[in-house]
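The structure under discussion is supplied below as structure tokens; questions concerning it will follow.
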Amino acid sequence: MEGACNRYASTLEGRLKAIKKLMNYSVKTPLLIEPNLFGAFPTMSYRHLECVWIFNHPIHVEEVTKGKSIIHFPNGHSVFVNASKHVLLKQHQRLHTSLNIYGIHHHRKK
């Protein structure tokens, strides 16, 4: 993720800090890699080795057991993650809200 942020002239920590400030999110902050186009959300703290970053693609979440889910993508791929359906859908919503709010702020500055 650091490399993707660097490609757009920023750092992972810098992007997370900006969203934390703009959206008042303190944990599991979504990441806007190219702010008007794409970002990702963490399934847990990004410092955990088990963290999976999910990009702003359409998803379908299936809860397998408590705290464990499978994320299905339209292209037929699926990924198993250690996170509940509730957390994943909330994180997905937070990412898209962040993209929308940033887009509005960015558009107003033009």
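Computed from a prediction, not measured in an experiment: that's the story for all the values here.
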Checklist line | Pairs where residues 73-86 contributes a residue and the test side-chain hydrogen bond (donor to acceptor under 3.5 Å, both in side chains) is met, not counting sequence neighbours | finding: E50-N82, K68-N82, H72-S78, N75-H77
Note to self: Counting C-beta onward and ignoring hydrogens, is there a side-chain heavy-atom pair between L31 and I19 closer than 4.5 Å?
What the structure shows: no
Next item on the list: Rounded to the nearest 0.5 Å, what's the gap from CG on L95 to NZ on K90? Could you check?
Entry: 14.0 Å
Check: I59 and H92: side-chain contact (heavy atoms from CB on, under 4.5 Å), yes or no, with the steps?
Finding: CA-CA 9 Å; I59 61 172; H92 189 253; 3.7 Å; yes
Checklist line | From OG1 (T43) to CG (L88), nearest 0.5 Å | finding: 7.0 Å
Item checked: Gap separating the CD1 atom of I71 from the NE2 atom of H57, nearest 0.5 angstrom -> 11.5 Å
Item checked: Any residue meeting side chain to side chain contact (heavy atoms under 4.5 Å, CB included) with T11, in chain and number order, not counting sequence neighbours -> E2, N6, E13
Margin query: Check for me, please, whether F73 and L89 land in the same ILVMFWY cluster - side-chain distances under 4.5 Å, paths through other members count.
Written below: yes
Notebook entry, point to check: Is I54 reachable from V87 through a run of I, L, V, M, F, W or Y residues, each pair having side-chain heavy atoms under 4.5 Å apart?
Noted result: no
Checklist line | Student check: side-chain heavy atoms of Q91 and K28 closer than 4.5 Å | finding: yes
Check: Is there a path from V64 to V79 through hydrophobic residues (I, L, V, M, F, W, Y) whose side chains come within less than 4.5 Å of each other?
Finding: no
Checklist line | Inter-residue atom distance H96.NE2 - I101.CD1, 0.5 Å rounding | finding: 13.5 Å
Note to self: Would you call the rings of Y46 and W53 parallel, tilted or perpendicular, taking 30° and 60° as the class edges?
What the structure shows: tilted
Note to self: So which atom in L16 and which in T29 form the shortest heavy-atom distance, rounded to 0.1 Å?
What the structure shows: CD2-O, 3.5 Å
Check: Rounded to the nearest 0.5 Å, what separation is found between the CG atom of L49 and the CE atom of M44?
Finding: 10.0 Å
Notebook entry, point to check: Do Y102 and T97 have side-chain heavy atoms sitting under 4.5 Å apart?
Noted result: no
Margin query: Given 3.5 Å as the limit, does a donor-acceptor pair link the side chain of N56 with the main chain of G39, or not?
Written below: yes
Note to self: So, taking the atom named CG in L32 and the one named CZ in F41, what distance separates them when rounded to the nearest 0.5 Å?
What the structure shows: 13.0 Å
Margin query: Tell me the closest heavy-atom pair linking S45 and C51, and the distance in Å.
Written below: O-CB, 3.4 Å
Note to self: Please check: side-chain N/O of S69 versus main-chain N/O of A83, any donor-acceptor pairing under 3.5 Å?
What the structure shows: yes
Next item on the list: Please report the shortest heavy-atom distance between P30 and P42, naming the atom on each side.
Entry: CA-CD, 4.2 Å
Checklist line | Connected via hydrophobic side-chain network under 4.5 Å: L22 and Y25 | finding: yes
Next item on the list: Flag yes if more than 12 heavy atoms outside E63 fall under 6.0 Å of its CD atom; otherwise flag no.
Entry: yes
